[in-house]
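See structure below.
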Amino acid sequence: TNRYPGTTIEINQINTDFSIVNDTVGLVCPYSIQQYLTPKQLKAVLPSNKVRVTVFQLKQNQTISISGLCKIDIKNNQDATVILYLSNQIKLHRCKYENSEKLWQNNYGKLLSLTVNKCSGLKQMKTYKFSHNGKKDYFISGLGFFTVISKKADVEISIYDKIMVKQREAMI
């Protein structure tokens, strides 16, 4: 495997004592964030070593920005635990929800330095809205996932409109 798409250009057959493994050309996934990043940005997004889990304890109405790639709003909650499983090289920023739009307007491409190539900011992003209760995972194609633990919350994820976001039962 390689951290860059398009490395394998033909089928490679590997014989072992127990089986034959065919290394094939990878599939291009048009709804993965990786398709919209430069090689330098991919180095930051794709983990190069063990992922260090990041945990936030959030009070009501707070936002976590995954650099300039994604904005996660946790609203209408009492308390919430958010556990992120992402590359250690991605900068995270937490703020009050009421300040998040201003943070993005003033810092997109600067403090929020990792950005999707064809996206100029929040106005070009799609917002996925989820009603949350209990413990759920939120998967962002090509980036990673995060877990929210809260009795009740509204989870909104703003990201470039071509990227897939899904809610699922918690895996860990």
Side-chain angles (χ1 to χ4, degrees), residues 3 29 31-37 40-116 119-172:
R3 65 185 359 221
C29 182
Y31 50 80
S32 169
I33 200 166
Q34 295 174 17
Q35 299 302 315
Y36 305 98
L37 301 175
K40 183 178 178 183
Q41 292 168 320
L42 276 172
K43 283 184 181 181
V45 168
L46 296 174
S48 57
N49 49 27
K50 185 177 179 180
V51 172
R52 183 181 64 246
V53 176
T54 304
V55 180
F56 288 103
Q57 299 294 332
L58 301 182
K59 298 294 182 193
Q60 190 170 18
N61 299 334
Q62 293 199 357
T63 295
I64 299 170
S65 296
I66 300 175
S67 193
L69 300 172
C70 173
K71 182 168 93 84
I72 302 165
D73 300 320
I74 310 293
K75 303 186 319 186
N76 302 318
N77 61 301
Q78 292 300 314
D79 292 322
T81 300
V82 178
I83 307 162
L84 295 111
Y85 301 86
L86 306 166
S87 169
N88 302 332
Q89 297 177 47
I90 298 175
K91 302 262 190 262
L92 304 173
H93 304 276
R94 179 173 78 174
C95 67
K96 292 180 180 179
Y97 170 72
E98 62 205 37
N99 299 330
S100 65
E101 296 249 350
K102 188 174 182 180
L103 172 74
W104 275 72
Q105 287 172 358
N106 295 337
N107 294 288
Y108 186 75
K110 300 170 192 162
L111 177 67
L112 307 174
S113 58
L114 276 177
T115 61
V116 173
C119 184
S120 60
L122 282 176
K123 290 180 181 169
Q124 263 195 301
M125 293 184 172
K126 177 179 180 178
T127 300
Y128 294 84
K129 297 181 180 190
F130 302 94
S131 293
H132 176 93
N133 59 355
K135 183 177 180 180
K136 301 270 193 230
D137 285 347
Y138 297 87
F139 169 78
I140 303 168
S141 183
L143 185 60
F145 73 98
F146 63 95
T147 302
V148 176
I149 304 168
S150 180
K151 289 182 183 175
K152 179 181 175 274
D154 294 326
V155 176
E156 295 182 1
I157 302 166
S158 299
I159 193 161
Y160 184 54
D161 66 357
K162 305 232 185 289
I163 311 306
M164 181 183 70
V165 174
K166 297 283 184 188
Q167 181 190 61
R168 65 184 182 202
E169 294 300 317
M171 294 177 55
I172 299 175

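Positions are given from 1, in the same order as the sequence printed here. This is a predicted model, so every value here is computed, not measured.
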Can you name the salt bridge (charged side-chain N to carboxylate O under 4.0 Å, His left out) partners of K152, sequence neighbours left out? none

Search all heavy atoms of K135 against all heavy atoms of A170 and return the closest pair with its distance. CG-CB, 3.6 Å

Looking at residues at least two apart in the chain, or sitting in another chain, which of them share a side chain to side chain contact (heavy atoms under 4.5 Å, CB included) with S87? P47, Q89, I90

Please assess K136 against V148 for the test side-chain contact (heavy atoms from CB on, under 4.5 Å), listing each intermediate value before the final yes or no. CA-CA 6 Å; K136 301 270 193 230; V148 176; 5.8 Å; no

Within the 4.5 Å heavy-atom criterion, are I140 and F146 side-chain neighbours or not? yes

Walk me through it: do Y108 and C119 pass the test side-chain contact (heavy atoms from CB on, under 4.5 Å)? CA-CA 10 Å; Y108 186 75; C119 184; 3.8 Å; yes

Nearest heavy atoms of S65 and W104, plus distance in Å: OG-NE1, 2.8 Å

For the residue pair I64 and L58, establish whether any side-chain heavy-atom pair is separated by less than 4.5 Å. yes

Surrounding NZ of K162 (heavy atoms of other residues, nucleotides or ligands, distance under 6.0 Å), is the total greater than 12? no

Please check this pair: side chain of T147 against backbone of D137, looking for a donor-acceptor N/O pair closer than 3.5 Å. no

Hey, what do you get for SG (C70) to CE (M125), rounding to the nearest 0.5 Å? 7.5 Å

Spell out, as yes or no, whether a donor-acceptor pair under 3.5 Å connects the side chain of N77 to the backbone of N61. yes

Residue pair T115, Q41: steps toward the side-chain contact (heavy atoms from CB on, under 4.5 Å) verdict: CA-CA 8 Å; T115 61; Q41 292 168 320; 4.1 Å; yes

Please identify each residue that fulfils side chain to side chain donor-acceptor pair (under 3.5 Å) with S100, with sequence neighbours left out. K71

Sorted by chain and number, sequence neighbours left out, ring pair (Phe, Tyr, Trp, His ring centres under 6.0 Å) with Y160 holds for Y36

Can you check whether V155's main-chain N or O pairs, donor with acceptor, with D73's side chain at less than 3.5 Å? no

Between F139 and M164, is the side-chain contact (heavy atoms from CB on, under 4.5 Å) condition met? List the steps. CA-CA 8 Å; F139 169 78; M164 181 183 70; 3.8 Å; yes

Residues that R52 engages under side chain to side chain contact (heavy atoms under 4.5 Å, CB included), provided they are two or more places apart: N88

Interatomic distance, I66 atom CD1 to T54 atom OG1 [nearest 0.5 angstrom]: 10.0 Å

K75 NZ to Q62 CD distance, which is reported to the nearest 0.5 Å: 13.5 Å

Within a radius of less than 6.0 Å around CD of Q60, do more than 12 heavy atoms belonging to other residues, nucleotides or ligands occur? yes

Could you tell me the separation between the CG atom of D79 and the CD1 atom of I74, rounded to the nearest 0.5 Å? 12.5 Å

Do V82 and V55 touch side chain to side chain, with heavy atoms closer than 4.5 Å? no

What residues, two or more places apart in sequence or in another chain, satisfy side chain to side chain donor-acceptor pair (under 3.5 Å) together with H132? Y138

Set of residues satisfying side chain to side chain donor-acceptor pair (under 3.5 Å) with respect to S120, sequence neighbours excluded: Q124

Heavy-atom side-chain proximity of I163 to L69 below 4.5 angstrom: no

Just how far is it from atom NE2 of H93 to atom OG of S67, taken to the nearest 0.5 Å? 5.5 Å

Can you name the residues that form a side chain to side chain contact (heavy atoms under 4.5 Å, CB included) with N107, not counting sequence neighbours? L103, L111, L112

For the CD1 atom of I159 and the CG atom of L143, what is their distance to the nearest 0.5 Å? 6.0 Å

Is it true that a side-chain atom of K91 and a backbone atom of L114 form a donor plus acceptor pair closer than 3.5 Å? no

Here the pair of heavy atoms bringing S141 nearest to S32 is OG-CA, 3.4 Å

Mind checking side chain to side chain contact (heavy atoms under 4.5 Å, CB included) for D161 and listing every partner two or more places apart, or none if nothing turns up? K126

Partner residues of T127 under the side chain to side chain donor-acceptor pair (under 3.5 Å) criterion, sequence neighbours left out: S158

Scan for ring-ring contact (aromatic ring centres under 6.0 Å, His included) pairs involving residues 41-70, sequence neighbours excluded, and state none if there are none. none

List for me each residue that meets ring pair (Phe, Tyr, Trp, His ring centres under 6.0 Å) alongside Y85, sequence neighbours excluded, and say none if there are none. F145

